[in-house]
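The structure under discussion appears below in the form of structure tokens.
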Amino acid sequence: MRYTGMMRDSILACNWKMNPGRRHEAETLYQGLVAASKALKASEIWIAPPTPFIDGLRERRIFKRLSLGAQDCSRFTMGAHTGEVSAAMLKEAGAQFVIVGHSERRAMGESDTDVNTKVQYALKARITVLLCVGEKLRDGDGEYLAVIASQVRSALMGVPKSASCRLVIAYEPVWAIGEHAAAPATPEDFRSVSIYIKKVVSEQVGAGAALSVPVLYGGSVSKDNAMGFLDEGHADGLLIGRESLKLSAMKTIIADAEALGRARAQRSRKHERTR
Ligand code: 13P
């Protein structure tokens with residue numbers, strides 16, 4: 001994550017989930033994103049392919065603004081845990097970040113305690129944690145805020161302030177995820193929740209460190225709504241599911257993030273000159 005004065009790069013994180021089916025398809029998509037990432041100045045592309053593809057793709061990870069990561073890690077470090085892959089093993093395979101606490105893993109039985117253990121092990125392995133939080137339902141009384149606060153507090157329990165530089169949070173309301181989602185959240189929804197998340201994070205790591213923890217939006221992000229979240233919603237980036245499998249859509253999202261970064265840099269230079 002780079003800072004330019006008060007500006008920060010947008011993180012465009014791609015969660016490929018259990019797609020694409022074939023290695024050569026993953027490579028083609030990846031090559032397209034590598035090509036698109038060559039000229040990046042105001043954004044970074046983070047890609048979380050299925051675990052077996054990470055090692056093969058990292059050979060071609062030649063650009064600083066492109067990161068490879070995993071979609072989950074084990075709550076164990078090693079031993080007799082059939083099917084599990086530890087954070088340290090993912091790091092060796094080339095993962096620079098790991099998604100933890102995704103709602104699709106929580107739906108398969110992952111508890112808040114599991115999420116906290118995974119966060120701790122990933123940080124210990126010196127991998128950046130992309131922690132997902134989000135309510136299942138949006139009520140009219142603000143109860144959903146308590147759900148989000150509790151997910152953030154329990155996930156970060158015991159996490160030292162010094163680890164906050166390797167922490168990114170994605171607000172992914174469950175009701176907005178996937179092709180059967182009612183609708184994406186709005187940029188206003190995101191903006192208020194992201195301020196709230198930073199406040200809860202500050203309880204754990206202090207206000208200064210919390211301000212530097214990027215908060216991304218995820219849930220039915222498309223090339224048509226991405227700019228709204230980045231600009232009006234002030235999102236520090238996006239966690240993109242289905243749309244991240246479409247290279248042409250990703251190119252539009254990348255171009256939008258870059259244009260916004262340039263416009264913000266220009267505004268900030270103008271502001272500096274008039275001070
Ligand atoms: P969709 O963008 O497909 O709704 O998925 C969002 C998501 O779960 C990203 O982690």
Side-chain angles (χ1 to χ4, degrees), residues 11-37 44-63 65-78 81-110 114-115 117-119 121-122 125-132 134 166 168 170 172 174 177-181 216 218-222 237-251 253-254:
I11 297 174
L12 305 176
C14 304
N15 179 5
W16 287 359
K17 307 192 180 181
M18 206 165 73
N19 302 291
R22 309 292 299 270
R23 179 182 293 273
H24 72 88
E25 294 170 300
E27 286 186 357
T28 306
L29 182 55
Y30 185 73
Q31 286 306 341
L33 290 168
V34 167
S37 76
E44 297 176 18
I45 302 176
W46 293 20
I47 304 169
T51 304
F53 298 155
I54 296 175
D55 198 31
L57 296 179
R58 79 157 148 180
E59 301 307 321
R60 288 174 287 284
R61 195 190 59 79
I62 35 184
F63 302 107
R65 289 176 179 272
L66 191 82
S67 298
L68 266 178
Q71 299 171 14
D72 187 29
C73 64
S74 177
R75 65 193 164 94
F76 304 108
T77 49
M78 64 189 296
H81 306 290
T82 303
E84 294 284 287
V85 182
S86 74
M89 290 168 184
L90 291 168
K91 167 105 175 172
E92 280 212 27
Q96 296 156 288
F97 71 93
V98 60
I99 298 173
V100 177
H102 193 281
S103 58
E104 287 157 10
R105 305 265 6 137
R106 293 181 194 258
M108 285 181 234
E110 186 177 70
D114 296 336
V115 172
T117 309
K118 292 178 181 195
V119 168
Y121 283 144
R126 304 188 80 77
I127 301 190
T128 294
V129 168
L130 204 175
L131 170 70
C132 297
R166 282 198 304 281
V168 176
E172 291 209 314
V174 182
I177 295 175
E179 56 189 335
H180 302 299
L216 319 185
S220 296
V221 171
S222 71
L238 304 164
L239 180 52
I240 313 161
R242 282 159 292 157
E243 199 86 329
S244 73
L245 295 162
K246 300 180 200 154
L247 184 57
S248 63
M250 280 306 298
K251 283 184 177 166
I253 294 174
I254 293 165

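On a predicted model such as this, the values are computed, not experimentally measured, just so you know. Just the heavy atoms: all of them, side chains too, but no hydrogens, waters or symmetry mates, feed the values below. Starting from 1, each residue takes its place in the sequence as its number.
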First locate atom CG of Asn15, then atom CG of Leu238, and finally report the distance between them rounded to the nearest 0.5 Å.
13.0 Å

Contacts of type salt bridge (charged side-chain N to carboxylate O under 4.0 Å, His left out), residue Lys91, not counting sequence neighbours
none

Can you measure from CH2 (Trp46) to CZ (Arg65) and round to the nearest 0.5 angstrom?
12.5 Å

Residues, nucleotides or ligands: over 12 heavy atoms within 6.0 Å of Met18 CE:
no

Over 12 foreign heavy atoms within 6.0 Å of NZ, Lys251:
no

First locate atom NZ of Lys118, then atom CD1 of Ile127, and finally report the distance between them rounded to the nearest 0.5 Å.
13.0 Å

Provide the closest heavy-atom pair for Ser37 versus Ile45 in the form atom of the first, atom of the second, distance.
CB-CD1, 3.8 Å

Minimum-distance pair of heavy atoms, taken over all atoms of Ala181 and Ser220
CB-OG, 3.8 Å

Please report the closest heavy-atom contact between Phe53 and Pro20, naming both atoms and the distance.
CE1-O, 3.5 Å

Any heavy-atom pair between the side chains of Thr28 and Leu247 that's under 4.5 Å?
no

Side chain of Gln96, backbone of Leu68: donor and acceptor closer than 3.5 Å?
yes

Is the closest side-chain donor-acceptor distance between His102 and Glu172 under 3.5 Å?
yes

Measure the shortest side-chain to side-chain distance between Tyr30 and Ile47 over non-hydrogen atoms and say whether it is less than 4.5 angstrom.
yes

Would you name the heavy atoms of Cys73 and Ser86 that are closest together and state the gap between them?
CB-C, 4.5 Å

Which heavy atom in Cys14 sits nearest to a heavy atom in Met250, and how many Å separate them?
SG-CE, 3.6 Å

Does some side-chain heavy atom of Val221 sit less than 4.5 Å from a side-chain heavy atom of Glu243?
no

How long is the straight-line distance from CZ of Arg126 back to CZ of Arg166, given to the nearest 0.5 Å?
4.5 Å

To the nearest 0.5 Å, how far apart are CD1 in Ile240 and NZ in Lys246?
11.5 Å

Those residues at least two apart in sequence (or on a different chain) that pass salt bridge (charged side-chain N to carboxylate O under 4.0 Å, His left out) with Arg242 are none

Option from Leu12, Ile177, Ile11, Leu130 for which side chain to side chain contact (heavy atoms under 4.5 Å, CB included) with Leu239 holds
Leu130

Evaluate whether atom CD of Glu25 has more than 12 neighbouring non-hydrogen atoms of other residues, nucleotides or ligands under 6.0 angstrom away.
yes

Between CE of Met108 and CG of Asp114, what distance do you get to the nearest 0.5 Å?
13.0 Å

Are Glu110 and Asp72 side-chain neighbours, meaning at least one heavy-atom pair lies under 4.5 Å?
yes

What one should report as the nearest heavy-atom pair of Glu84 and Phe76 is OE1-CD1, 4.0 Å

Side chain proximity check, Val115 to Arg105, heavy atoms < 4.5 angstrom:
no

